[in-house]
Amino acid sequence: MHYGPGMSPRRAIAILPATQAAIAEAAEALTRGGLVAFPTETVYGLGGDSTSDQAVAAIFEAKGRPSFNPLIAHVAAIAQAESLAEMDETAHRLAARFWPGPLTLVLRRRSDCPVSLLASAGLDSVAVRMPDHKVALALIEAAGRPLAAPSANRSGRISPTRAEHVAECLGGRVQIILDGGPCRVGVESTILDLTEAPPTLLRPGGISAEELEEFLGLSLRRSAQSPEAPRSPGQLESHYAPALPVRLNAQAAQENEALLGFGPADFATINLSPTGDLVEAASHLFAMLRALDRPEFKAIAVMPIPEKGLGRAINDRLRRAAAPRGRP
Ligand code: TXA
Ligand code: MG
């Protein structure tokens, strides 16, 4: 074991050569809600238990993202993908041909999908991929659950293709970095949205659009905006918003309103975090908005959330949920 450069001595971080023992230790950390950076064939991922709201919130905090970009659930087998998402014939053909490999499929979530709603940012879809790297596959298998993993860089920085890059960028924000050497592909996976026909290319990546088009025998739709770009208000419709109107910065509920609390507030209908913990609040956000989105209420009022750390991402999402919208 050695310690990577560029991090505070207070929270030094272990870069471990990806031996079987290190993979077992990392899997153990993941099942306890910890974060592990691991190699894939594209770039290093910042992995956490995709089925845990808390672990997913910790990923967003470590990335320092001002908004909740949905994350990819990494699987080790096609059967595991089937347990998360509806896979139609096209999905099966693509998976059989390109998995493991740098292709991410955006699919409809199964109703019993165990992936945290925070990981798919409240969407009804989930992004799934099987990485072509023996360390990644062994880690997912040992953890016994799909791993949520964005690229292991801070928001706005370049994706890391070596363990040392991760150490430089994320410092003590991750428990373990598994070192599997440099990444073979070096650019992120291609993202293909299969939730509507024809399939839409959301992000060019390790597998070319031409190769996919030739294999499928059709032209892909190109998305107007890269999913990496900040989501504009025009994309609101594609995001989950509660059916009920949302009122922000509420100190108390008005008549027939549900109150989503933050901080000490016995009077709240439910509370994102009675102790005012932003990581806990983020982990509950989407599930609690859904829970309050019921016909017995006329609106959802939300108490103020501080505009710092994960609070910025929570507020970004809440402002979208509260934005005026056209209803059919
Ligand atoms: O190669 C890769 O894909 C790497 C390695 C670690 O697997 N991962 C990666 O993750 O690039 P990330 O979080 O940096 O990028 C994931 C992209 C984001 O742009 C996000 O918007 C998109 O996937 N995405 C995830 N879930 C989605 C969904 N349900 N619908 C649409 N886009 C989605
Ligand atoms: Mg990224």
Side-chain angles (χ1 to χ4, degrees), residues 35-48 50 56 59-60 62-65 67-76 84-86 98-110 113 115-133 135-137 139-140 146-163 165-166 169-170 174 177-178 180 183-196 199-207 221 223-232 235 237-240 286 313:
L35 302 186
V36 170
F38 64 92
T40 79
E41 81 281 30
T42 59
V43 300
Y44 274 75
L46 170 61
S50 71
V56 172
I59 292 175
F60 283 115
K63 293 256 327 169
R65 265 189 185 160
S67 65
F68 298 124
N69 224 1
L71 304 179
I72 298 169
H74 294 69
V75 298
L84 312 181
E86 312 281 357
F98 294 104
W99 283 0
L103 176 66
T104 295
L105 300 178
V106 174
L107 304 164
R108 289 190 192 287
R109 284 174 74 100
R110 282 174 59 120
C113 175
V115 171
S116 157
L117 278 176
L118 185 61
S120 44
L123 297 166
D124 291 323
S125 57
V126 60
V128 187
R129 103 173 178 95
M130 190 194 304
D132 185 16
H133 196 293
V135 173
L137 294 171
L139 182 68
I140 299 162
L147 299 181
S151 49
N153 51 289
R154 293 276 284 171
S155 180
R157 306 278 294 278
I158 301 166
S159 295
T161 53
R162 289 172 177 271
H165 299 168
V166 181
C169 206
L170 288 175
V174 54
I177 300 174
L178 286 177
C183 300
R184 177 171 61 78
V185 176
V187 296
E188 289 96 335
S189 60
T190 302
I191 303 180
L192 195 60
D193 184 347
L194 294 183
T195 59
E196 275 166 29
T200 303
L201 182 74
L202 295 181
R203 178 176 75 183
I207 291 177
R221 195 186 336 203
S223 80
Q225 190 182 1
S226 151
E228 299 282 341
R231 297 199 176 261
S232 66
Q235 287 184 302
E237 314 70 66
S238 66
H239 264 85
Y240 168 78
F286 291 109

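Just so it is clear, the structure is predicted and the values come from calculations on it, not from any experiment. Residue numbers count from 1 along this sequence. Whatever order the structure lists them in is the order used to number ligands and atoms, beginning at 1.
- Residue contacts with ligand 1 for H133 are absent, since no atom lies close enough (heavy atoms, distance under 4.0 Å).
- The side-chain contact (heavy atoms from CB on, under 4.5 Å) test applied to C113 returns L84, R109, R110, V115, not counting sequence neighbours.
- Here the two rings, on Y44 and F38, have centers that are 6.0 Å apart or farther.
- Residue-ligand proximity, I72 to ligand 1, at heavy-atom distances under 4.0 Å covers atoms 3 (O), 8 (N), 9 (C), 10 (O), 16 (C).
- Nearest-heavy-atom check against atom 14 (O) of ligand 1 across S151, S189, G47, A136 picks out S151.
- Between R129 and ligand 1, a contact under 3.5 Å exists for at least one N or O pair.
- Taking the charged nitrogens against the carboxylate oxygens, R221 and D193 have no contact shorter than 4.0 Å, which rules out a salt bridge.
- Other residues, nucleotides and ligands place more than 12 heavy atoms under 6.0 Å from the CZ atom of R154.
- For the pair I72 and V128, the tightest heavy-atom approach, listed with the atom from each and the gap, is CG2-C, 4.2 Å.
- Of the heavy atoms in I191, only side-chain atoms (C-beta onward) come closer than 4.0 Å to ligand 1.
- Counting atoms of ligand 1 from 1 in the listed order, those under 4.0 Å from a heavy atom of R65 are 13 (O), 14 (O).
- Against a heavy-atom cut-off of under 4.0 Å, T42 is close to the following atoms of ligand 1: 1 (O), 2 (C), 4 (C), 5 (C).
- Atom 10 (O) of ligand 1 has its nearest heavy-atom neighbour, among P150, G186, P160, S155, in P150.
- Counting heavy atoms from C-beta outward, P102 and T190 have side chains that stay 4.5 Å or more apart.
- To the nearest 0.5 Å, the span separating CG on L123 from CZ on F286 amounts to 8.0 Å.
- Below 4.0 Å from some heavy atom of R203 lie the following atoms of ligand 1, by number and element: 2 (C), 3 (O), 9 (C), 11 (O), 15 (O), 16 (C), 17 (C).
- Atoms of ligand 1 found under 4.0 Å from any heavy atom of L202 (numbered from 1 in listed order, with element): 31 (C), 32 (N).
- The Mg ion (ligand 2) does not have S159 among its coordinating residues (no N/O/S atom, backbone or side chain, under 2.8 Å).
- Proximity to E188 (heavy-atom distance under 4.0 Å) selects the following atoms of ligand 1: 1 (O), 2 (C), 11 (O).
- Distances below 4.0 Å separate heavy atoms of S125 from the following atoms of ligand 1: 28 (C), 29 (N), 30 (N).
- Residues V106 and A127 share a closest heavy-atom pair of CG2-CB, 4.0 Å.
- Contact analysis puts A149 in contact with ligand 1, with a non-hydrogen atom separation below 4.0 angstrom.
- Close approach of ligand 1 to L123 (heavy-atom distance below 4.0 Å) involves ligand atoms 28 (C), 29 (N), 30 (N).
- On a distance-only criterion, Y44 and ligand 1 share no N/O pair closer than 3.5 Å.
- When every heavy atom of S125 is checked against every heavy atom of T195, the shortest pair comes out as CB-CG2, 4.0 Å.
- The N/O atoms of K63, backbone and side chain alike, include none that comes under 3.5 Å of an N/O atom in ligand 1.
- With sequence neighbours excluded, the residues that form a side-chain hydrogen bond (donor to acceptor under 3.5 Å, both in side chains) with T42 are T40, R129.
- Of the possible polar contacts, none joining the K63 side chain to the P150 backbone as a donor-acceptor pair under 3.5 Å is found.
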